[in-house]
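In what follows, a single structure is set out as structure tokens and then discussed.
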Amino acid sequence: MPTAKAFSQVPPFPDDVPVYELPRLSLRKLISNDAEQSKELFKSFREHGFALLDMQGCHEGESLLKEAEKMFEITRDVTIGLDIEEKMKYVPTPPVIFGYSRQGATKTEAGLPDRFESFSVNQDDIFSNIPECPNPEPIQKNRKSIKSYISKAHRIGELIMNQLDDHLRLPKGSLGSLQRLDRVSGSTLRMLRYPPQPEGDRRTAFLGHTDIGTITILFNVLGGLQILPPGLEALEQNWRYVRPEPGCAIINLGDAMVEWSGGILRSNLHRVYFAPGDQAVHERYSLAYAVRPEGIVPMKRLAMEGSAVPDLEEGEEDLDCTANEWLARKGAAIRAGKDNARSRGGRALEVY
Ligand SMILES: O=C(O)CCC(=O)C(=O)O
Ligand SMILES: [Fe+2]
């Protein structure tokens with residue numbers, strides 16, 4: 001799906017809508033330890049909290065792209081392939097976040113029902129970190145390929161974490177050790193479907209938010225994702241589209257990275273609007289691998305001798321809780337409408 005072939009099957013992204021130009025990083029260069037590219041990565045995650053990652057030109061990226069196509073097929077099989085009665089069997093009871101979310105289950109900023117449906121696959125289930133969970137048939141029969149996709153995506157996430165360790169002057173493996181694949185974390189592979197919206201009544205489908213975990217690796221073909229540029233108020237006219245690029249993933253950092261880096265890394269507000277131009281009449285699918293911290297790890301900043309993570313300043317407080325407690329608190333605030341979504345981080349760093 002995220003390959004050039006998939007892009008050729010839908011109308012092009014129009015050139016007359018406001019776009020947020022993201023730096024385009026190359027996975028191939030990052031794997032070969034290109035120092036300039038690594039600096040660019042750090043800069044991008046500090047300034048924007050987002051980057052495009054070109055998966056082409058290396059085995060690791062190309063195989064992820066190929067397997068992403070299969071994940072998009074599964075997304076279609078779970079969303080349009082099953083009837084609503086079947087899907088509703090998999091609606092979780094809060095605070096559980098995995099399983100099916102029907103269209104309209106959440107609200108947009110305007111208090112209107114959302115315009116997407118999603119299925120969140122529980123990584124801990126797929127990796128047998130917990131007893132096997134009930135899943136709809138298209139998930140159950142593809143457990144092996146989902147496991148393979150998550151493993152590959154996780155490895156790319158880990159590579160990014162290692163680069164961030166270097167720039168934050170943390171011992172190698174510090175960030176990765178807080179989000180291992182074989183430990184209970186609540187990480188998820190989210191499969192989303194946005195049906196085309198009626199002409200004359202097009203609006204936000206998924207409200208503005210920051211991701212609450214560590215990193216999200218996102219694939220989509222149709223436009224719709226929008227970013228609120230740093231420093232701008234959340235007014236309608238300020239949002240900018242991200243233009244999906246063939247062969248690239250959109251990568252963004254979540255709130256946990258802001259906590260651990262003492263505010264140096266950024267978690268930026270984003271939302272999903274309708275697909276622009278001629279794309280608006282097409283089904284939009286999206287695949288988001290969202291990594292979360294292991295439940296038992298502390299959320300306080302990783303300040304240590306020699307690291308670039310700043311010590312607490314007067315009036316600042318460290319989070320004195322585990323990731324589980326922190327996620328539960330945030331989840332409850334979001335459900336109660338008390339989490340006033342805002343971008344976080346991007347704090348100045350003298351050495352750069
Ligand atoms: O569908 C998209 O493009 C974005 C989805 C998203 O932001 C999320 O799942 O957190
Ligand atoms: Fe998101």
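As a basis for the values below, the full set of heavy atoms in this structure was taken, side chains included, without hydrogen atoms, waters or symmetry mates. Start at 1 and go down the list; that is how both ligands and their atoms are numbered.
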### Query
Could you go step by step and tell me if R169 and E305 meet the salt bridge (Lys or Arg N to Asp or Glu O under 4.0 Å) rule?
CA-CA 10 Å; R169 298 201 298 275; E305 189 72 33; over 6 Å; no

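- Of the charged side-chain nitrogens involved, at least one lies within less than 4.0 Å of a carboxylate oxygen, so that R243 and E21 count as a salt-bridged pair.
- In this structure, K172 does not pair ionically with D165, as no charged nitrogen and carboxylate oxygen lie closer than 4.0 Å.
- Considering only residues two or more places apart in sequence or on other chains, K152 meets the salt bridge (charged side-chain N to carboxylate O under 4.0 Å, His left out) condition with E67.
- A pairwise comparison of heavy atoms in L218 and S286 identifies CD1-OG, 3.5 Å as the closest pair.
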Need the list: ligand 1 N/O atoms against protein N/O atoms, distance under 3.5 Å, rounded to one decimal.
from, atom 1, to, atom 2, distance (Å)
ligand 1, 1 (O), Y194, OH, 2.7
ligand 1, 1 (O), R284, NH1, 3.1
ligand 1, 1 (O), S286, OG, 2.8
ligand 1, 3 (O), N220, ND2, 3.0
ligand 1, 3 (O), R284, NH1, 3.4
ligand 1, 3 (O), R284, NH2, 2.8
ligand 1, 3 (O), S286, OG, 3.3
ligand 1, 7 (O), H209, NE2, 3.2
ligand 1, 7 (O), H270, NE2, 3.2
ligand 1, 9 (O), R190, NE, 3.1
ligand 1, 9 (O), R190, NH2, 2.9
ligand 1, 10 (O), R190, NH2, 3.1
ligand 1, 10 (O), H209, NE2, 3.1
ligand 1, 10 (O), D211, OD1, 3.2

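- Listed by chain and residue number, L178, W260, P293, E294, A323 satisfy the side chain to side chain contact (heavy atoms under 4.5 Å, CB included) test with V297 (two or more places apart in sequence, or in another chain).
- A cation-pi arrangement is present between R76 and Y285 under the rule of less than 6.0 angstrom and at most 45 degrees off the ring axis.
- For the Fe ion (ligand 2), the neighbouring protein N/O/S atoms at less than 2.8 Å, given as residue and atom, are H209 NE2, D211 OD1, H270 NE2.
- Test Y273, F116, F274 against F206 for ring-ring contact (aromatic ring centres under 6.0 Å, His included) and you get one pass: F116.
- Under the 3.5 Å distance criterion, the side-chain polar atoms of N122 are matched with a main-chain donor or acceptor of D124.
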